[in-house]
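What follows is one structure encoded as structure tokens, with my remarks underneath.
Numbering of ligands and ligand atoms starts at 1, following listing order.
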Amino acid sequence: MNIGIVCYPTYGGSGVLATELGKALADKGHNIHFITYQQPVRLNAFHANIFYHEVRVPTYPLFDFPPYETALASKMVDVIINNEVELLHVHYAIPHASAAYMAKQILLKEGKKIPVITTLHGTDITLVGRDKTYSPVVTFSMNESDAITAVSKNLRDETYLNFKMEKEIEVIYNFVDIKRFERTAVQAFRQIIAPKNEKILLHASNFRKVKRVDDVVNVFKEVNKKIPSKLLFVGDGPERTHIEGLCRQLDAHADVKFLGRQEQMEDILAISDMFILPSEYESFGLVALEAMAAGVPVVSTNVGGLPEININDVTGFLCDVGDVACMSKKIIGVFSDENAFKEMKKNALKQAKKFDINKIVPLYENLYKKVLE
Ligand code: GMT
């Protein structure tokens, strides 16, 4: 099939998932056309079946806000016509679903019917999409899609609850390439981070408020009082400066390292003992699944789609939002019991295997076949 994929090219989970999906589909022989404003971060190697089409938004003195959506819809039309693209799969509803609707209408006038699949990822529904500023357009363009998918049951239910849906939403879970995370720890790297064989705690995110990164620092402070530990932060974003300040204020900075944006998550996970994800909301928590694929247990909140992935007391722990005491107590407990910790690591990997790329990608292929029929 010739498939157009539209996504955000940045470090967010929706862009990562869309890119990994495109790469997996290309490996299976499909031709993939990525349409976005920048080369997606995970699109980092040559593949004969993958094409990248950059959306350029020319500036003009009249435009206080350059019209990206118009440029994107025009690019979609151009790519579809000139590359015999058969369907469009857009990730993250805003503004991709409405741009796809526009492209679809333009192409219909030219006698070409192009099915559109919209995959909902989270904040496009729960945070931004629900806002009155966007909701009429989001509702309309979702309903005009030929198929809608959500990355968890929770996100599907949230969408039904908050939007007037006229169409069914299919749940297709996010996935992980288990093989990529089968790494043995680089001992020299571990030695630099934790020279006295301290436990290594990890958090990775875009440092937005919804991630509650303060809680990570407070959990770490408590754990470190009982069990010598180090904390690694991966990623960057609006809260990072504040978090660095908090670490200094709590006198924790000597045991904390900020690695910034990293692509080799598998190497960092391979030396980590526990992943902390205390978010206010996660539709799925792709980063938690990646940790589990590396055999790293996850302490997370019990919100959104997280309980569909992380199983309390089995693959890690689930605590209420903001319950730092619960999170630290659970980590200290399992770090103090070597057998329970080993068992939890095994369970984390076993659970991640349920979301393996080879199980999930065929679900998208089936959906494509269905909409093309
Ligand atoms: O979490 C973010 O801020 C990034 C956001 C995105 O759109 O890239 O992530 C959302 O999509 C991911 C992939 O489906 C999910 O794993 C994240 O849980 C989801 N984030 C939220 O729901 C807050």
Flag the pair Glu308 and Lys153 as a salt bridge only when some basic side-chain nitrogen lies within less than 4.0 angstrom of an acidic carboxylate oxygen. no
Would one find an N or O of Tyr92, backbone or side chain, under 3.5 Å from an N or O of ligand 1? no
Which ligand 1 atoms, with their elements, are less than 4.0 angstrom from a heavy-atom of Thr123? 23 (C)
Any Glu280 heavy atom less than 4.0 Å to ligand 1: no
Heavy-atom contacts with Gly285 under 4.0 Å: which atoms of ligand 1 show up? List them by number with element. 15 (C), 16 (O), 17 (C), 18 (O)
Do the side chains of Ile117 and Asp146 get nearer than 4.5 Å, heavy atoms only? no
Going by the rule salt bridge (charged side-chain N to carboxylate O under 4.0 Å, His left out), which residues pair with Glu20 if we only count those two or more places apart in sequence or in a different chain? Lys23, Arg42
Atoms of ligand 1 less than 4.0 Å from Gly122 heavy atoms? 22 (O)
Is the shortest side-chain N to carboxylate O distance from Glu144 to Lys167 below 4.0 Å? no
Answer yes when Glu244 and Arg240 have at least one side-chain N-carboxylate O distance shorter than 4.0 Å, and no when they do not. yes
Provide the number and element of each atom of ligand 1 under 4.0 Å from a heavy atom of Ser283. 15 (C), 17 (C), 18 (O), 19 (C), 21 (C), 22 (O)
Side chain to side chain, Leu372 and Pro115, heavy atoms closer than 4.5 Å: yes
In terms of atom number and element, which parts of ligand 1 are under 4.0 angstrom from non-hydrogen atoms of Leu286? 16 (O)
Does any part of the side chain of Lys113, heavy atoms only, come nearer than 4.5 Å to the side chain of Leu108, both counted from C-beta? yes
Specify side chain, backbone, both or neither for Asn206, according to which of its non-hydrogen atoms lie closer than 4.0 Å to ligand 1. side chain
Can you confirm, on distance only, whether ligand 1 has an N/O atom lying under 3.5 Å from any N/O atom belonging to Gly13? yes
For atom 10 (C) of ligand 1, which of the options His91, His121, Glu158 provides the nearest non-hydrogen atom? His121
Does this structure show an ion pair linking Glu222 with Lys225, if we count only N-O contacts that are shorter than 4.0 Å? yes
N or O pair under 3.5 Å between Val151 and ligand 1: no
Among Phe284, Tyr281, Tyr173, which one puts a heavy atom closest to atom 23 (C) of ligand 1? Tyr281
Does a side-chain N-to-carboxylate-O contact under 4.0 Å join Asp273 and Arg190? yes
Any N or O of Leu17 closer than 3.5 Å to N or O of ligand 1: no
Ligand 1 versus Asn174, non-hydrogen atoms closer than 4.0 Å: side chain, backbone, both, neither? side chain
